[in-house]
Amino acid sequence: MAYRPHITDAQEVFSDEEIINLMPRNFAFVAKLIGVDASLSLIQAFGGTRLFVPAKHAVSVNHEISHIVGLKALQSLAEQLGGTPIEVPMGSPITTAMRNKAVREASKKDSHPKLARKFGLTLRSIRTILSSEEK
């Protein structure tokens, strides 16, 4: 089984600022507003979809979004973006950066063919990752 990073583990690998820099600009605003932890939870739950943010007066503990990000984060979202939909990204650049960092660290002790099998990549992809600089 190939290594696949999980989006919610990003805070263990990168700083909050690095994670925000890997997000699309329109969602980086959301991450700064509600926090990186809550925004990663949103990506995990709703990644790749459009999510309607309720108006401030419609926010409650029982709302679907409050179960994922918490009531305070939903209230902050509703104050700024209430009544509008937001595009929730898939988080692919974040998971790709996590995988690439893991490849670089593992390259110190494993051969390229072993890395390719471990990460489910081709040898060419491994060489490309190792020859490129970390973003």
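Small disclaimer: the values here were computed from a predicted structure and weren't measured.
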Task: I126 CD1 to R117 CZ distance, which is reported to the nearest 0.5 Å - done: 10.5 Å
Open item on the list: A side-chain contact here means heavy atoms from C-beta on lying under 4.5 Å apart; do R50 and V88 qualify?
Closed with: no
Open item on the list: For a 4.5 angstrom cut-off between non-hydrogen side-chain atoms, does L74 reach I68?
Closed with: no
TODO: Spell out, as yes or no, whether a donor-acceptor pair under 3.5 Å connects the side chain of S125 to the backbone of L121.
DONE: no
- [ ] With rounding to the nearest 0.5 Å, note down the distance linking NZ in K114 to NZ in K109.
- [x] 8.5 Å
TODO: Indicate if V53 and V61 have the same hydrophobic cluster label, given that clusters are the connected sets of ILVMFWY residues with side-chain heavy-atom separations under 4.5 angstrom.
DONE: yes
Task: Close side-chain approach of P85 to L51, heavy-atom, < 4.5 Å - done: no
Open item on the list: Testing the basics here: between Q44 and T8, what is the closest heavy-atom pair and its distance to 0.1 Å?
Closed with: OE1-CG2, 2.9 Å
Open item on the list: What I'd like to find out is whether the side chain of L33 reaches to under 4.5 Å of the side chain of E79, using heavy atoms alone.
Closed with: no
- [ ] Give the minimum heavy-atom separation between A73 and I34, together with the two atoms involved.
- [x] O-CG2, 3.3 Å
TODO: Check each of N21, L40, D9 against I94 using the side chain to side chain contact (heavy atoms under 4.5 Å, CB included) test, and report the only one that passes.
DONE: L40
TODO: Examine distances only and state if a side-chain atom of T96 and a backbone atom of P93 form a donor-acceptor pair shorter than 3.5 Å.
DONE: no
Open item on the list: Could you report the tightest heavy-atom contact between A97 and L22, atom names first, then the distance?
Closed with: CB-CD1, 3.9 Å
Task: Non-hydrogen side-chain atoms of I19 and V13 separated by less than 4.5 Å - done: no
- [ ] Answer yes or no: is there a donor N or O on one side and an acceptor on the other, between the side chain of S39 and the main chain of V30, under 3.5 Å?
- [x] no
Task: Least distance between heavy atoms, I20 atom then A31 atom - done: CG1-CB, 4.0 Å
- [ ] Using modelled atom types only, decide if a donor and an acceptor are shared between the side chain of E105 and the backbone of A102 within a distance under 3.5 Å.
- [x] no
- [ ] Any chance you could measure D16, atom CG, to D37, atom CG, to the nearest 0.5 Å?
- [x] 8.5 Å
- [ ] Please report the shortest heavy-atom distance between I65 and P54, naming the atom on each side.
- [x] CD1-CD, 4.1 Å
Open item on the list: Distance check, rounded to the nearest 0.5 Å: M90 atom CE versus I7 atom CD1?
Closed with: 9.5 Å
Task: Rounded distance [0.5 Å steps], OG in S60 versus CG in L71 - done: 8.0 Å
Task: NZ-CG distance between K56 and L81, expressed to the nearest 0.5 angstrom - done: 13.0 Å
Task: Any side-chain heavy-atom pair of V59 and S66 under 4.5 Å - done: no
Open item on the list: Quick check: do I43 and M23 have side-chain heavy atoms less than 4.5 Å from each other?
Closed with: yes
Task: Contact check, side chains of E64 and F46, non-hydrogen atoms, under 4.5 Å - done: yes
Open item on the list: Please find the pair of heavy atoms, one from F119 and one from R4, that lie closest to each other, and give the distance.
Closed with: O-NH1, 3.7 Å
Open item on the list: Assess, by modelled atom type and distance only, whether the side chains of T95 and S92 contain a donor and an acceptor separated by less than 3.5 Å.
Closed with: no
